[in-house]
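Here the structure comes first, spelled out in structure tokens, and everything after it is commentary.
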Amino acid sequence: MDPFQLLKSRLTGILDDLAEAGTLPQGLDYGRVNVEPPREAEHGDVATNAAMVLAKPAEMKPRDLAEAIAGKFTGFDDVTEAEVAGPGFINLRLAPAFWQARIGDILAAGTAYGDSQLGAGRKVNVEYVSANPTGPLHVGHGRGAVVGDALAALLAKVGFAVTREYYVNDAGAQVEALARSLHFRYWEALGLQVGEMPEDMYPGEYLIPVAEKLAEKDRSNWPATPEKKRVLGESFLLEQFREIAVDAMMEMIRDDLAALGIVFDRFSSERALVEAGGVDKVLADLEDRDLVYTGTLDPPKGKESDDWEPRPQLLFRASDFGDDVDRPLKKSDGSWTYFATDMAYHFDKHTRGYRDMIDVWGADHGGYVKRMHAAVKALTAGGGNLDVKLCQMVNLMDGGEPVKMSKRAGTFVTLREVIDEVGKDVVRFIMLTRKNDAGLDFDLKKVLEQSRDNPVFYVQYSHARCHSVLRHAAEMFPDEDFSPAALTGANLGLLADEAELDLIKSMAEWPRVVEGAAEAHEPHRIAYYLLDVSGLFHALWTKGTREDASLRFLNEQDLGLTRARLALVRGLALVIASGLEVMGVTPVEEMR
RNA sequence: GGCCCCGUAGCUCAGCUGGAUAGAGCAGCGGACUUCUAAUCCGCAGGUCGCAGGUUCGAAUCCUGCCGGGGUCACCA
């Protein structure tokens, strides 16, 4: 149970009573009323702005209304103080028992602590990565992958029916180039081709093993001479190689994602969508509503473009839906633009029942956001809800120095190489240590340091410390059961030290943090929360170790006290594990 | 030039959808190790929240205009 929700429902009850008694008018909107921890701990445990928000519609002075509400709050046994402060805040102090009871909630819920029904089972689609199947993932893709995946987990935790989806761009000119590249490598593998690879092909070495395998396995199936090639036809060949190449690239990408612990529910093929007539359907719909026309766009301003020429194109009236200009749907060769198929794709998602759609993109697609919003608005008649999360650049560093990356010089670092070097958990955690729209430095050395400076370590260490205590407890009291279920019976009233209560209060905020992060689509908040709660734990630890031995978690002479403290420690381990679960990071139980 | 993002302590960043006296870490200075792991902790110092207006009980947060940094700009995806 979220204690802040609990208090809010009490507050609502009080407000209803006041309305009943005629102090407040009937039917006030409580929408802006907050119940939250105050920023300043001195202001108490919980604060509400109710009086200030409702004063105006109630035609009362904020402080008068606050007094009336505060007076009602003192009627509850576990409210030790209800004080009016500042312009009309109501600050509550709650009895230790109120907080101690939260430990019981946590032990009962386990890592499901923080789960809620906020989403009420509504379907939401999270589309992320969606990298072109033309090569291995790079570090930037990794950020989108982690952010999307953690966001999906977060939404699932608060009760949404989440689908994790990858859009495979297997239809455009880039996969054609990939197909030609593979064909080149294939001939190379057969020893038929010499010379440099043409510039418009993908030079990466990752196609070589694919080609070699193909050459070995299907030597007879593919034309090994120019004559055969001519007989079969260029387009037939390209189609075969495209399919093989895309499959191979997607297998590689899936493998990289699996190394990050990411598994998608669905891969949607752009090509399949086009072949099924998805784009035609959308176009027909747009035509019916007079939302497309043939026109000529103005040249882009400010940027000199040598090859620009006026060209009549099929355009979508994006500017009717908030975009800056209308957007082309067809290329000059008559094929669909990426935008056209992407419109169809989002329409497809919507018709599959997703009212809420989230796209996680790289920052280089920032210029694309408005038109996609316009498209969704036009295609779903306002019924669809699109949120685009743009992930800014990841700057790969090595001991404070930027890692210079160049595809040509062969110093390009793939996501896979980074995962292999620092581990999946580190990659996932670090990718969530910034909000998505801020740049992120990823220092290969720093993320492996075992110091306060390294957030991954700091949080992992606090979890490991919890388990270290539990292990010692098992040695000290071999016959005792310290499982979560057994610890529910502990006398939690013994957890009375200020440092203990501070930690418990922070733990009690977890459900609120989860909901806030889920509503704002901001998974990074989880990482910051975990750092915060970990800090309180490390502080309590040291207090017991250095300042006041009576605060040690384990006391051989006092089993009752030890059980209470173990309930706290066990509860914290569960909260941290719950947070790391959302982030997709393994909680370690021992540091070496 | 248009659009999008960013601008908070010397550095790297939080700031809970508008709350009270703006918070952490690092770096600096001063402390705590016969330990439930000092791989940690405690204290001090550090600020015109880029600038100027506006909205209101109340602005780092919302709006407008500037300044600075980054990204992006038909026929790529």
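Note: hydrogens, waters and symmetry copies are ignored here, and every other heavy atom, side chains too, is used. Bear in mind the structure is a predicted one, so any value in this text is a computation, not a measurement. Chain A is the first sequence line, chain B the second, and so forth, proteins listed ahead of strands; every chain is numbered from 1.
- At rU37(B), one or more side-chain N or O atoms of His472(A) fall inside 4.0 Å of OP1 or OP2 (strictly under the cut-off).
- Only the C1' atoms considered, rC42(B) is 22 Å distant from rA14(B), to the nearest whole Å.
- Between the side chain of Lys157(A) and the backbone N or O of Tyr113(A) there is at least one donor-acceptor pair closer than 3.5 Å.
- Nucleic acid contact for Phe553(A): base, since at least one base atom lies under 4.0 Å from a heavy atom of the residue.
- Nearest nucleotide to the Gln174(A) side chain, out of rA74(B), rG19(B), rC76(B): rC76(B).
- The phosphate of rC75(B) has neither OP1 nor OP2 within less than 4.0 Å of any side-chain N or O from Lys330(A).
- Closest contact between the side chain of Ala539(A) and the listed nucleotides rA77(B), rG58(B), rC41(B) involves rC41(B).
- Annotated as anti: rU55(B), whose O4'-C1'-N torsion sits more than 90° from 0.
- No side-chain heavy atom of Phe89(A) sits less than 4.5 Å from a side-chain heavy atom of Thr48(A).
- Aromatic ring centroids of His472(A) and Phe553(A) lie 6.0 Å or more apart.
- Between the side chain of Arg434(A) and the base of rC13(B) there is no donor-acceptor pair of N/O atoms closer than 3.5 Å.
- Across all strands, Glu519(A) comes closer than 4.0 Å to base atoms (heavy-atom distances).
- Residue contacts for Arg452(A): at a heavy-atom cut-off of 4.0 Å it reaches the sugar-phosphate backbone alone, with no base atom in range.
- Residue Asp441(A) places its side chain closer to rU12(B) than to any other of rC6(B), rU40(B), rU12(B).
- Using a 4.0 Å heavy-atom cutoff across all strands shown, Ala171(A) reaches no nucleic acid atom at all.
- Phosphate proximity of rU37(B) to His463(A): absent, as no side-chain N or O sits under 4.0 Å from OP1 or OP2.
- Across all strands shown, rG43(B) forms a Watson-Crick or G-U wobble pair, both distances under 3.5 Å, with rC29(B).
- Remark: ring of Phe89(A) stacked against base of rA20(B); centroid gap under 5.5 Å, plane tilt under 30°.
- Within the 4.0 angstrom heavy-atom criterion, no nucleotide atom of any strand lies near Glu547(A).
- Side-chain nitrogen and oxygen atoms of Lys435(A) include at least one within less than 4.0 Å of the OP1 or OP2 phosphate oxygen of rA14(B).
- Looking at heavy-atom distances under 4.0 Å, Phe457(A) makes contact with a base.
- For Lys389(A), no side-chain nitrogen or oxygen approaches OP1 or OP2 of rC5(B) to under 4.0 Å.
- Under the 4.0 Å criterion applied to side-chain N and carboxylate O atoms, Glu522(A) and Arg525(A) are assigned as salt-bridge partners.
- Note on Pro328(A): only backbone sugar-phosphate atoms sit closer than 4.0 angstrom, heavy atoms only; bases stay farther off.
- With a cut-off of 3.5 Å on both pairing distances, the Watson-Crick or G-U wobble partner of rC57(B) is rG19(B).
- Proximity note for Arg512(A) (side chain, C-beta onward) versus rG19(B), rC3(B), rC16(B): the nearest is rC16(B).
- If you take atom C1' in rU17(B) and the same atom in rC62(B), they sit 10 Å apart, rounded to whole Å.
- The OG1 atom of Thr433(A) sits 6.0 Å away from the OH atom of Tyr528(A) when rounded to the nearest 0.5 Å.
- Residue Tyr458(A) places at least one side-chain N or O closer than 4.0 Å to OP1 or OP2 of rC41(B).
- In this structure, the side chains of Met60(A) and Leu24(A) come closer than 4.5 Å at one or more pairs of heavy atoms.
- Which of rC75(B), rG15(B), rU40(B) sits closest to the side chain of Arg525(A) comes down to rG15(B).
- Arg465(A) comes within contact range of the sugar-phosphate backbone alone, with a heavy-atom separation under 4.0 Å but no base atom that close.
- Straight-line distance between the P atoms of rC13(B) and rA77(B): roughly 34 Å, to the nearest whole Å.
- If you find the closest nucleotide of RNA chain B to Ala438(A) and to Ala363(A), the one lying nearer the 5' end belongs to Ala438(A).
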